[in-house]
Amino acid sequence: MQDVSTLVARAREGAPRAVARLISLVEGASPQLREVMAALAPLTGNAYVVGLTGSPGVGKSTSTSALVSAYRRQGKRVGVLAVDPSSPFSGGALLGDRVRMSEHASDPGVYIRSMATRGHLGGLAWSAPQAIRVLDAAGCDVVLVETVGVGQSEVEIASQADTSVVLLAPGMGDGIQAAKAGILEIGDVYVVNKADRDGADATARELNHMLSLGESRAPGDWRPPIVKTVASRGEGVDEVVEALEKHHAWMEERGVLAERRLARAAREVETIAVTTLRERIGDLHGDRRLGALAERIIGGELDPYRAADELVTGLTRG
C-alpha cells in the first residue's frame with residue numbers, strides 16, 4: 001500500500017514518479033482511489049483543460065507537442081494525457097504518444113502520460129477525469145488531452161475539457177461532411193493542420209461554411225475561429241494559443257467556465273454512482289432478491305420497471 005499523503009506531497013513538488021504512481025492508482029481502480037481523490041480535492045480547480053480531437057492522420061500528436069512548446073515558452077507547466085487505442089491482449093496503449101513527444105521527455109515542466117481506452121467509447125479512457133485531476137493537483141497550469149482518432153459520434157472530450165479543439169487536414173475528401181453531425185458540433189477552436197498542402201484554403205472555406213449553416217448566435221456569443229497551422233514546423237501554433245486564451249477569457253467573463261466545470265463535476269458524480277450500482281447489480285446474479293423479483297414478473301404480479309425500481313431502492317438502502 002502506498003502512503004497517499006506522501007505521494008500527493010511529492011506530486012505537488014513536481015516529482016514525476018509520484019504523479020505517475022497516482023495516475024496508475026487511478027487507472028487500476030485501486031482500493032486507495034477514494035483516499036487519493038479525497039487528498040486531491042482541495043488542490044484542484046486551477047488547471048486549464050484543453051481537449052484535442054480529430055480523425056486519424058490530422059496531426060493530433062504533432063499539434064499537441066507544438067502546443068506544449070508554445071506554453072513552455074510562456075513558462076507554464078504542462079500536463080499531457082494522450083489517449084491511445086488499447087491492445088486486445090494486454091489492455092495497454094498501442095501507439096505510445098510519449099515516444100512521439102520525446103523532445104519534451106527531459107523537461108521537468110512537462111508531464112506526458114499515454115492512457116489506453118480499454119474498450120471505453122467516446123475517444124477517452126474511462127479514468128481520464130481522475131487523471132486530469134491528478135495533473136491539476138500536481139501544479140500543471142495547462143492540461144492537454146489528446147483523444148484517440150475519433151469519428152462522428154465519439155465526442156466525449158467536449159464534456160471533459162474547458163476548451164475543445166477540433167483538428168482537420170486538407171485531403172480528407174468527404175471527411176468534413178461525414179463529421180459535421182459529430183465532432184464539428186463540439187469545437188470551440190478549429191484547426192486546419194498541414195496547411196502547406198494543396199486544398200488547405202478550400203478546407204477552411206468549407207469548414208467556415210458548415211459552421212455558419214443554421215448558426216443562431218446572439219451578440220456576444222463565442223464564434224469558433226478557424227486557424228491554419230503546419231504543426232510540424234510550428235507555424236500557426238502561436239495563433240492557436242492566442243485563440244485558446246481568448247476563449248478562456250470569454251468563458252471567465254461570461255461565467256461559462258464555471259458552468260462547464262460544474263456540469264463536468266455533476267457528470268463525474270453520476271458516472272461513479274451508476275458504476276457503483278452496476279457493480280452491486282452484477283454481484284446479485286444468483287442472489288435471492290433478483291430471483292424473487294424474476295418470479296413475480298413471470299407470475300404477472302410485477303412488471304419489469306417496478307421490479308427494477310424495487311431493486312434500485314433496495315440497493316441504495318443497503
Side-chain angles (χ1 to χ4, degrees), residues 1-4 7-8 21-41 44 81 83-94 113-134 145 147-148 150-161 181-182 186 260-318:
M1 297 288 281
Q2 299 285 320
D3 181 21
V4 171
L7 280 177
V8 171
R21 184 55 189 155
L22 286 171
I23 294 181
S24 293
L25 291 175
V26 165
E27 283 194 285
S30 165
Q32 293 181 285
L33 182 55
R34 290 178 181 269
E35 184 183 355
V36 169
M37 291 298 107
L40 295 180
T44 59
L81 289 179
V83 184
D84 282 334
S86 301
S87 163
F89 303 104
S90 68
L94 279 177
R113 175 74 172 231
S114 291
M115 299 182 71
T117 57
R118 301 191 182 187
H120 184 77
L121 298 179
L124 290 180
W126 73 269
S127 53
Q130 289 78 30
I132 291 170
R133 186 171 283 108
V134 170
V145 184
T147 74
V148 168
V150 298
Q152 182 169 320
S153 61
E154 295 165 312
V155 294
E156 190 177 349
I157 187 59
S159 67
Q160 298 299 334
I186 68 167
R260 288 191 176 189
R261 291 181 174 180
L262 187 65
R264 191 159 73 216
R267 278 189 295 269
E268 190 174 359
V269 171
E270 180 183 3
T271 299
I272 292 170
V274 169
T275 300
T276 301
L277 281 174
R278 187 178 294 119
E279 289 173 350
R280 291 185 182 181
I281 291 172
D283 292 338
L284 283 177
H285 290 294
D287 186 279
R288 60 179 181 79
R289 288 177 293 178
L290 196 57
L293 288 170
E295 288 178 0
R296 292 171 65 190
I297 292 172
I298 296 300
E301 178 186 347
L302 200 64
D303 67 81
Y305 287 93
R306 285 181 58 201
D309 289 341
E310 287 191 22
L311 181 60
V312 170
T313 300
L315 289 172
T316 52
R317 286 177 179 173

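Heads up: numbering here begins at 1 and tracks the sequence. For the numbers below, each heavy atom of this structure counts, side chains included, while hydrogens, waters and symmetry mates do not.
- Every residue two or more places apart in sequence or in another chain that forms a side chain to side chain contact (heavy atoms under 4.5 Å, CB included) with Val274 is listed here: Glu270, Arg278.
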Checking side-chain contact (heavy atoms from CB on, under 4.5 Å) for the pair Arg261/Thr44: CA distance, chi angles, key distance, verdict?
CA-CA 12 Å; Arg261 291 181 174 180; Thr44 59; over 6 Å; no

So Ser159 and Glu268, side-chain contact (heavy atoms from CB on, under 4.5 Å) or not? Walk me through it.
CA-CA 10 Å; Ser159 67; Glu268 190 174 359; over 6 Å; no

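- Note that the CG atom of Leu81 and the OG1 atom of Thr147 stand 12.0 Å from one another [nearest 0.5 Å].
- The distance from atom CD1 of Ile272 to atom CD of Gln130, rounded to the nearest 0.5 Å, is 5.5 Å.
- Taking all atoms of both residues into account, the shortest heavy-atom contact from Val26 to Ala131 is CG1-N, 4.1 Å.
- Counting non-hydrogen atoms of other residues, nucleotides and ligands closer than 6.0 Å to CZ of Arg267 gives a total above 12.
- Legend: residues meeting side chain to side chain contact (heavy atoms under 4.5 Å, CB included) with Glu310, ordered by chain and number and at least two apart, are Leu293, Arg296, Leu302.
- Listed by chain and residue number, nothing satisfies the salt bridge (charged side-chain N to carboxylate O under 4.0 Å, His left out) test with Arg21 (two or more places apart in sequence, or in another chain).
- In terms of heavy atoms, Leu33 sits closest to Leu25 at CD1-O, 4.4 Å.
- Applying the side chain to side chain contact (heavy atoms under 4.5 Å, CB included) criterion to Asp303, with sequence neighbours excluded, gives Tyr305, Arg306.
- In this structure, Arg133 CZ and Ile23 CD1 are separated by 12.5 Å, a value rounded to the nearest 0.5 Å.
- Applying the side-chain hydrogen bond (donor to acceptor under 3.5 Å, both in side chains) criterion to Thr271, with sequence neighbours excluded, gives no partner residue.
- Between Leu22 atom CG and Met37 atom CE the span is 7.5 Å, to the nearest 0.5 Å.
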